[in-house]
Participant: 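Can you read through this structure? Questions will come right after.
Remember, predicted model here, so these are calculated numbers, not experimental data. Residue numbering restarts at 1 for every chain, and letters A, B, ... go by the order of the sequence lines.
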Protein chains: 2
Amino acid sequence: MKNSQLYKGSLNTIIMKLLEENGKMYGYEITQKVKAITQGELNITEGALYPALHKLEAEGFLDVEIEKIDNRMRKYYKLTESGEKETVNRLSELEDFIRNMQSLVNPKLEF
Amino acid sequence: MKNSQLYKGSLNTIIMKLLEENGKMYGYEITQKVKAITQGELNITEGALYPALHKLEAEGFLDVEIEKIDNRMRKYYKLTESGEKETVNRLSELEDFIRNMQSLVNPKLEF
DNA sequence: CAAACATACATAAGTTTCTTATACATAACA
DNA sequence: TGTTATGTATAAGAAACTTATGTATGTTTG
């Protein structure tokens, strides 16, 4: 995996955005979706993903629903009402972050 | 300081980009420059900055030159040759990162 | 048909990067 | 004379991650 340090700190925002967009998703599905969208560039590891999901749930931003599909367990996550509000904030922070990083990297656009 | 988690991992890239652009800079100058460029949104703390500079120096990416200006010490840092090459790589990673994050957040542009 | 790969979740140990707090020193300002 | 600005530094702790491992089922392939 060639994930750079830059992705550190962005995992929660990625998870929440995907859930906002897709209604409900399970962990493995999230990793596959991210891989597809980034053309294989970003691979979320289970060691990062599952603790992150558990924490978002503990914070009240996600609800869980367990289903047994094809004899295999799936834990579907979806945003709570509080999680939806938080997602809006985090996406706004992400936009600010990207804008700031672009100002730093591309100073010609600093106006 | 309202820095979000998102900036985690981006400090080294920011430092190296500013040094690439400005030739040589000292620590305090970097914090002020970043604050100015981001209109006060990103405030790099000393506790993050100085260890980062020391590490980049230890890795051979930065050279130091101490000057005494106005009776106060300044440690000017500049990129080594190796540091310049590494900066190109990190800026390329940053561009990929930003592109990927925009794909994730703005799926309409996924083509 | 056995081994490898894909699906699916989980956690523990260790690393890295950061925040927070503290420390030292000079200069300017109110 | 106390606060703010300039300037560097480190130590303790928190947070997010990587790496490794574990469990279990289903599918594909040599």
Side-chain angles (χ1 to χ4, degrees), chain A residues 1-16 24-36 40-59 61-62 64-77 90 93-94 97 101, chain B residues 1-16 24-36 40-59 61-62 64-77 90 93-94 97 101:
Chain A
M1 200 170 2
K2 62 185 188 77
N3 299 345
S4 82
Q5 288 294 114
L6 294 165
Y7 292 91
K8 277 183 191 281
S10 61
L11 180 57
N12 286 331
T13 304
I14 291 171
I15 291 171
M16 293 172 90
K24 70 175 191 180
M25 298 180 83
Y26 56 101
Y28 187 75
E29 186 184 11
I30 292 174
T31 66
Q32 300 308 302
K33 186 82 175 176
V34 167
K35 199 186 288 184
E41 276 202 58
L42 178 53
N43 290 289
I44 297 176
T45 58
E46 304 106 314
L49 178 69
Y50 293 113
L53 287 171
H54 300 161
K55 195 183 176 212
L56 286 170
E57 188 194 350
E59 288 168 328
F61 296 138
L62 302 186
V64 190
E65 195 186 315
I66 296 176
E67 284 185 38
K68 199 151 190 177
I69 309 264
D70 217 19
N71 212 27
R72 266 203 227 89
M73 180 179 60
R74 279 187 191 168
K75 286 180 75 173
Y76 278 98
Y77 290 90
R90 302 223 182 168
E93 276 180 15
L94 177 59
F97 168 66
M101 290 306 288
Chain B
M1 205 169 353
K2 62 187 186 75
N3 299 346
S4 81
Q5 287 295 114
L6 294 165
Y7 292 91
K8 272 185 193 285
S10 61
L11 179 56
N12 286 331
T13 305
I14 292 172
I15 291 171
M16 294 172 88
K24 68 175 191 178
M25 298 180 82
Y26 56 101
Y28 186 74
E29 187 185 9
I30 292 174
T31 66
Q32 299 310 301
K33 187 82 176 175
V34 168
K35 199 186 288 184
E41 276 199 59
L42 178 53
N43 290 290
I44 297 177
T45 58
E46 303 106 312
L49 178 69
Y50 292 113
L53 287 171
H54 301 160
K55 194 181 176 217
L56 286 170
E57 187 194 350
E59 289 167 329
F61 297 137
L62 301 186
V64 191
E65 195 185 314
I66 297 177
E67 284 185 36
K68 198 150 192 177
I69 309 264
D70 216 19
N71 214 26
R72 266 200 227 93
M73 181 179 59
R74 278 186 191 170
K75 285 180 77 172
Y76 278 98
Y77 290 91
R90 301 221 183 169
E93 277 180 14
L94 178 59
F97 168 68
M101 289 307 288

Participant: Let me know the distance between CD of A:Glu65 and C1' of C:dA8, rounded to the nearest Å.
Facilitator: 17 Å
Participant: The side chain of A:Tyr28 lies closest to which of these nucleotides: D:dT6, C:dT17, C:dT7?
Facilitator: C:dT7
Participant: Quickly work out the B:Leu6 CG to C:dT17 C1' distance and round it to whole Å.
Facilitator: 15 Å
Participant: Within the structure provided, determine whether B:Ile15 and B:Ile44 are in side-chain contact (heavy-atom separation under 4.5 Å).
Facilitator: no
Participant: Heavy-atom nearest nucleotide on DNA chain C for A:Lys8 versus A:Gly27: which residue maps closer to 5'?
Facilitator: A:Gly27
Participant: Figure out the CD/P separation between A:Glu57 and C:dC9, and round it to whole Å.
Facilitator: 13 Å
Participant: side-chain contact (heavy atoms from CB on, under 4.5 Å) with A:Tyr26: which of A:Met73, A:Lys75, A:Arg74?
Facilitator: A:Arg74
Participant: Side chain of B:Pro51, heavy atoms from C-beta onward: which of D:dT10, D:dT6, C:dT17 has the nearest atom to it?
Facilitator: D:dT10
Participant: Output the rounded distance in Å from OH (A:Tyr7) to C1' (C:dT17).
Facilitator: 18 Å
Participant: Rounded to whole Å, how long is the line connecting atom CZ of A:Arg74 with atom C1' of D:dT23?
Facilitator: 18 Å
Participant: Considering only D:dT10, D:dT8, C:dA10, which nucleotide approaches the side chain of B:His54 most closely?
Facilitator: D:dT10
Participant: If you define the side chain from C-beta out and look only at heavy atoms, does anything of A:Arg90 sit under 4.5 Å from A:Phe61?
Facilitator: yes
Participant: Return the 5'-most residue of the pair A:Asp70, A:Ala48 with respect to DNA chain D, ranking by each residue's nearest nucleotide.
Facilitator: A:Ala48
Participant: Between atom CD1 in B:Ile44 and atom P in D:dT8, what is the gap in whole Å?
Facilitator: 13 Å
Participant: Check the phosphate of D:dA9 against B:Lys75, side-chain N and O only, distance under 4.0 Å to OP1 or OP2. Yes or no?
Facilitator: yes
Participant: Of A:Ser10 and B:Leu49, whose nearest nucleotide on DNA chain D comes first from the 5' end?
Facilitator: B:Leu49
Participant: Give the nucleotide from the list C:dT20, C:dA6, D:dA9 with an atom nearest to the side chain of B:Glu46.
Facilitator: D:dA9
Participant: Of all the choices, D:dA16, C:dA10, C:dA27, which nucleotide is nearest to the side chain of A:Lys55 once you look at every atom?
Facilitator: D:dA16
Participant: Looking at A:Asn71, I'd like to know whether one of its side-chain N or O atoms comes within less than 4.0 Å of OP1 or OP2 on D:dG26.
Facilitator: yes
Participant: Picking from D:dT10, C:dA6, D:dG7, which would you name as closest to the side chain of B:Arg72?
Facilitator: D:dG7
Participant: Please give, in whole Å, the distance from C:dT17 C1' to B:Glu59 CD?
Facilitator: 13 Å
Participant: For the side chain of B:Met73, counting heavy atoms from C-beta on, which of D:dT8, D:dC17, C:dA8 is nearest?
Facilitator: D:dT8
Participant: Rounded to whole Å, how long is the line connecting atom CD of A:Gln5 with atom C1' of D:dA16?
Facilitator: 10 Å
Participant: Return yes if some donor-acceptor pair links the side-chain N/O of B:Asn12 with the main-chain N/O of B:Gly9 below 3.5 Å, else return no.
Facilitator: no
Participant: I want to verify a distance call: between C:dC18, D:dC17, C:dT7, whose nearest atom is closest to the B:Leu11 side chain?
Facilitator: C:dC18
Participant: What nucleotide among C:dT17, C:dT7, D:dT8 has an atom nearest to a side-chain atom of B:Tyr50?
Facilitator: D:dT8
Participant: Hey, is A:Glu67 close enough to A:Lys24 for a salt bridge, meaning N to O under 4.0 Å?
Facilitator: yes
Participant: Rounded at 0.5 Å granularity, tell me how far OH in A:Tyr50 sits from OG1 in A:Thr45.
Facilitator: 10.5 Å
Participant: Could you check whether B:Gly47 gets within reach of a base, just the sugar-phosphate, or nothing at all, counting any heavy atom under 4.0 Å?
Facilitator: base
